[in-house]
There are 2 protein chains.
Amino acid sequence: MITLTEENYIKSIYQLGRYGTLTVSTNSIAEALETKASSVTDMVKKLAEKGYANYKRYQGVSLTPQGKKIAADVVRKHRLWEAFLVEKLNFTWDEVHDIAEQLEHIKSEKLINELDKLLDYPTHDPHGDPIPDKNGDIKKTDKTLLFNLAENTKGVCVGVKDTSSSFLKYLDKHKIALGSEITVVSREDFDDSMVIEINNLKMSISQTVANNLFVKEG
Amino acid sequence: MITLTEENYIKSIYQLGRYGTLTVSTNSIAEALETKASSVTDMVKKLAEKGYANYKRYQGVSLTPQGKKIAADVVRKHRLWEAFLVEKLNFTWDEVHDIAEQLEHIKSEKLINELDKLLDYPTHDPHGDPIPDKNGDIKKTDKTLLFNLAENTKGVCVGVKDTSSSFLKYLDKHKIALGSEITVVSREDFDDSMVIEINNLKMSISQTVANNLFVKEG
DNA sequence: ATATAAATTTAGGTTAGTCTAAAAATAGTT
DNA sequence: AACTATTTTTAGACTAACCTAAATTTATAT
Ligand SMILES: [Mn+2]
Ligand SMILES: [Mn+2]
Ligand SMILES: [Mn+2]
Ligand SMILES: [Mn+2]
């Protein structure tokens, strides 16, 4: 039996460590989960005992294959639920995260498989993040930050890095959505802002915005 | 803030006490929640402190209006989720209860209202139990146990009392479903069994079955 | 290499929810 | 009314998950 809290720790280690490939520090977990480092130490010991994590004191944590599978399942559920809320229940992409944080812990194989089927086996969630398959595998796509595009190059918006409600609403307001085609018209060295063209309109965006939008080049 | 555990206790008090109208004993709650009477006493004190329950030692527990509203909301969510699983995700009526036990604790007004809309505002769950409305009100229907029907009277099956998987599967096997018309052909004094006609077939059912099927007479 | 700073762990406590065993109150029976 | 059985409560302990404060280890900078 795995508890909801354990699942959240494992998920954090997974996501902070690039889908379970890197070792993660105690403090980074504490920050992600809004808890204290001492609590993290306690939990990480337990996860190691249970076979979900590799841990040597002062050396950080990583996931075992078993831990990785658990994490991928939780992330799969989180993202499928987000897709469901947007596709079937009229939620907007800035409303779904907190509810998915709750729904990701519901235990039922059939439920998640039926949800997958109902949504016609989506590969990405409403924020453009990939949905792990039943085996926990993730299809890697070659996306880059808009900030990395040179002048006079084009890209299609495929995801957001910052998924905060305020950023998503900013994008909505300016009609920037997944699938939008964006051309970098010019870049400003002074403040790293850029002028882009989208929907046949030019607009200036800050460095912060450009650093939180994923595009597929070309 | 109300915890998942508190919600489960409140729901039990609600259901054992006929939708919050009766006082409930410590032992009955313990049995329903598969816990010990001493744990119930502790929790019931806390619920009283928080204003959800009325409690005097040795005298049993009842719900305050506030507690009743919380209970009705949880039951509403439980039953709407059960309906969703059957209507939209291909679950059978014997598979939904345990998952609904988890889903009933998800906190989101919008989620439950959208679910309600998606299902076109159902009044009953897959077992024939009424779904409380947003205000916590329940539409009372005049149903009776099949066991109470006299010989040569008819009824329409509108619900089950026992919602165990084994009973529901028994009903499936004999093609007894909500909406089925049932005629009591004869009753046997000896063992309280009865012969019924359903789908133009006669069959004998035990007293146990007759006492767990709700029908609407006539 | 030492000193200082930052990160991490340990020690000791708290709270929610549970349990067992014993005590107290209520209900049932002669 | 008195005894007995049942129900309920209290007392004391346990675990999971958290915290603060102090100790320890590792990293960084002279
Ligand atoms: Mn999310
Ligand atoms: Mn997402
Ligand atoms: Mn149910
Ligand atoms: Mn039901």
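Just so we're clear, the structure is a prediction, and the values are computed from it rather than from any experiment.
- Phosphate contact (OP1/OP2 of C:dT9, side-chain N/O of A:Thr26, threshold under 4.0 Å): present.
- Taking atom CG on A:Asn8 and atom P on D:dA16, their separation rounds to 17 Å, with Å as the unit.
- Counting only residues at least two apart or on different chains, the salt bridge (charged side-chain N to carboxylate O under 4.0 Å, His left out) pairs with a member in residues 88-101 of chain A are A:Lys11-A:Glu101, A:Asp94-A:Lys169, A:Glu95-B:Lys110.
- Under the 30°/60° scheme for interplanar angles, the aromatic rings of A:Phe84 and A:Trp81 are found to stand perpendicular.
- The shortest side-chain heavy-atom distance between A:Lys134 and A:Ile112 does not fall under the 4.5 Å cut-off.
- For the pair B:Lys139/B:Thr123, a side-chain contact is recorded, criterion being any heavy-atom separation below 4.5 Å from C-beta on.
- Residues from residues 35-44 of chain A that place a heavy atom under 4.0 Å from any atom of DNA chain D, listed by number: A:Thr35, A:Lys36, A:Ser38, A:Ser39, A:Asp42, A:Met43.
- Taking the centre of each ring, B:Tyr9 and B:Tyr55 stay at or above the 6.0 Å mark.
- Taking atom CD1 of B:Ile29 as the reference point, atom P of D:dT7 lies 14 Å away to the nearest angstrom.
- For DNA chain C, the neighbouring residues in residues 48-61 of chain A, judged by any heavy atom under 4.0 Å, are A:Tyr55, A:Arg57, A:Tyr58.
- Contact annotation: the side chain of B:Val24 never approaches that of B:Ser62 to less than 4.5 Å [non-hydrogen atoms, C-beta and beyond].
- Look at CG on A:Leu33: it is 13 Å from C1' on D:dC18, rounded to the nearest Å.
- Contact check, B:Asn27 against D:dT8: a side-chain N or O comes under 4.0 Å of OP1 or OP2.
- Taking atom NZ of A:Lys45 as the reference point, atom C1' of D:dC18 lies 14 Å away to the nearest angstrom.
- Aromatic rings from B:His97 and B:His127 are positioned such that their centres are separated by 6.0 Å or more.
- Between A:Thr92 and A:Val86, every side-chain heavy-atom pair lies at or beyond the 4.5 Å cut-off.
- Atom CD in B:Glu31 sits about 12 Å away from atom P in D:dT8, given to the nearest Å.
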